[in-house]
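Okay, structure first, notes after.
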There are 2 protein chains.
Amino acid sequence: MSMRKLGRALGVEAMALYHHFPNRTALLDEVVAAIAPEPPAPTSDWRADLAELSRQYRDMVNAHPHLLPVLLSRPSRHERAAATQEAQYAALRQAGLHGSALLDAHRTWGSYVIGYLVVEQQGRIGAHASREWRPAVTVDAPITAELDRYQAARDWDQQFDIGLAMQFDAITALAAGPH
Amino acid sequence: MSMRKLGRALGVEAMALYHHFPNRTALLDEVVAAIAPEPPAPTSDWRADLAELSRQYRDMVNAHPHLLPVLLSRPSRHERAAATQEAQYAALRQAGLHGSALLDAHRTWGSYVIGYLVVEQQGRIGAHASREWRPAVTVDAPITAELDRYQAARDWDQQFDIGLAMQFDAITALAAGPH
DNA sequence: ACCTGAACACCGTTCAAGT
DNA sequence: ACCTGAACACCGTTCAAGT
């Protein structure tokens, strides 16, 4: 996305965009706000709620992968982002967490989700783009070589859910631990 | 970093760089290879080993935050990256994991580390840069409001280790679970 | 109030020309 | 073998000028 290309695509032929948005960053923030989904209504099952919030976020990124750099560069400040964050906190409270422990869980879960999306996009473009650069011989990496036949065992959806379940298990342990 | 600025900084006055590197991407890959630390020798404590590998990676990024986008955009293919990955796998094998379960653990741990680094850089620049954009009133976000006084309870090092411990606990549970 | 066009200060990359 | 300089096709942003 570039201001000039967007102008051209809109027929508006140039950078009249600056009469509607102060700059490129502000325009992209509005785009992010426009595509952000509304958080789902909470149920009594915090795992299901947080899983759904995770899935929503991942679906948004996979629907608009070009926006990932924008999402990574700064926290979203729009109205729905605040509601979504509140819903995430509500799920963790339902899990029995409070105060600093709740924030620990939130940040750890959030880091996993963001990191997974980065790795997923990296993998999706690296897969069908560059077959060129295979590593050399990779001598003395026996475990890497042995694991090669398991590398394709999971698809992206499965892998995301497996890591998510691991986060939820860790959160359960945190809630059951020293309160 | 731009090719023109780098040329200027080297005194070489222009883009003679293309006689040494095919393009900007290749040059940055060499920089990444040059600053990548050697993986530490394994001990008998897989948690300590994987924690050290995590810490090394995080230290590298915090020493060179401008390289994070490069690291996120494609997997590193240099010699030391292969050795580091092998060391990561070795630690997880020491934890009692094999095959697909080992890869599940590796990808989940890796996603957490990468996501944390993204959030950390986002926070480090957002903190001392933009005081300007505070959210509006944020009505009906009671949990968010209540958690506000806990937001600064952890520093970046502590927070990273807490999430790392959660990953390790989830890995332990995975290794103890259905083999 | 909205759009245009030229301008400024940048990019990565190519390529003929110099030494 | 290595570097230069001009050129090409881009950027984001500003600003005076038009309607």
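In this text the structure is predicted, and so the values were computed from the model without any measurement. A note on names: the letters A, B, ... follow the listed sequences, proteins ahead of strands, and every chain is numbered from 1.
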What integer distance in Å separates B:L10:CG from D:dC2:P? 16 Å
For B:R8 and D:dC3, give me the distance from atom CZ to atom C1', rounded to whole Å. 17 Å
Convert the base pairs of DNA chain C into dot-bracket notation, remembering that pairs crossing earlier ones are written with [ ] and that bases paired across to another strand are shown as |; include only Watson-Crick or G-U pairs under 3.5 Å. ||.|||||...|||||.||
Between C1' of D:dC10 and CG of A:L6, the distance in whole Å: 16 Å
Using the P atoms only, state how far C:dC10 lies from D:dA9, rounded to an integer number of Å. 22 Å
In B/S/- notation, 5' to 3', how is nucleotides 12-19 of chain C contacted by protein heavy atoms closer than 4.0 Å? BBB-----
How about B:Q121 and B:N62: does a side-chain donor come under 3.5 Å of a side-chain acceptor? yes
Give the intermediate values and the outcome of side-chain contact (heavy atoms from CB on, under 4.5 Å) for residues A:V119 and B:R107. CA-CA 9 Å; A:V119 172; B:R107 289 166 179 169; over 6 Å; no
Counting the benzene-type ring for Trp, do A:W46 and A:F168 have ring centres under 6.0 Å apart? yes
Using the six-membered ring wherever Trp is involved, compare the ring planes of B:H106 and B:Y89 and label them parallel, tilted or perpendicular (cut-offs 30° and 60°). tilted
Beyond-backbone contact of B:L28 with B:V32, side-chain heavy atoms, under 4.5 angstrom: no
B:R58 and B:D157 ion-paired at < 4.0 Å: yes
Tell me whether the rings of B:F160 and B:Y112 are parallel (<30°), tilted (30 to 60°) or perpendicular (>60°). parallel
Would you mind checking if B:R77 and B:D29 are paired as a salt bridge, meaning a charged N to carboxylate O distance below 4.0 Å? no
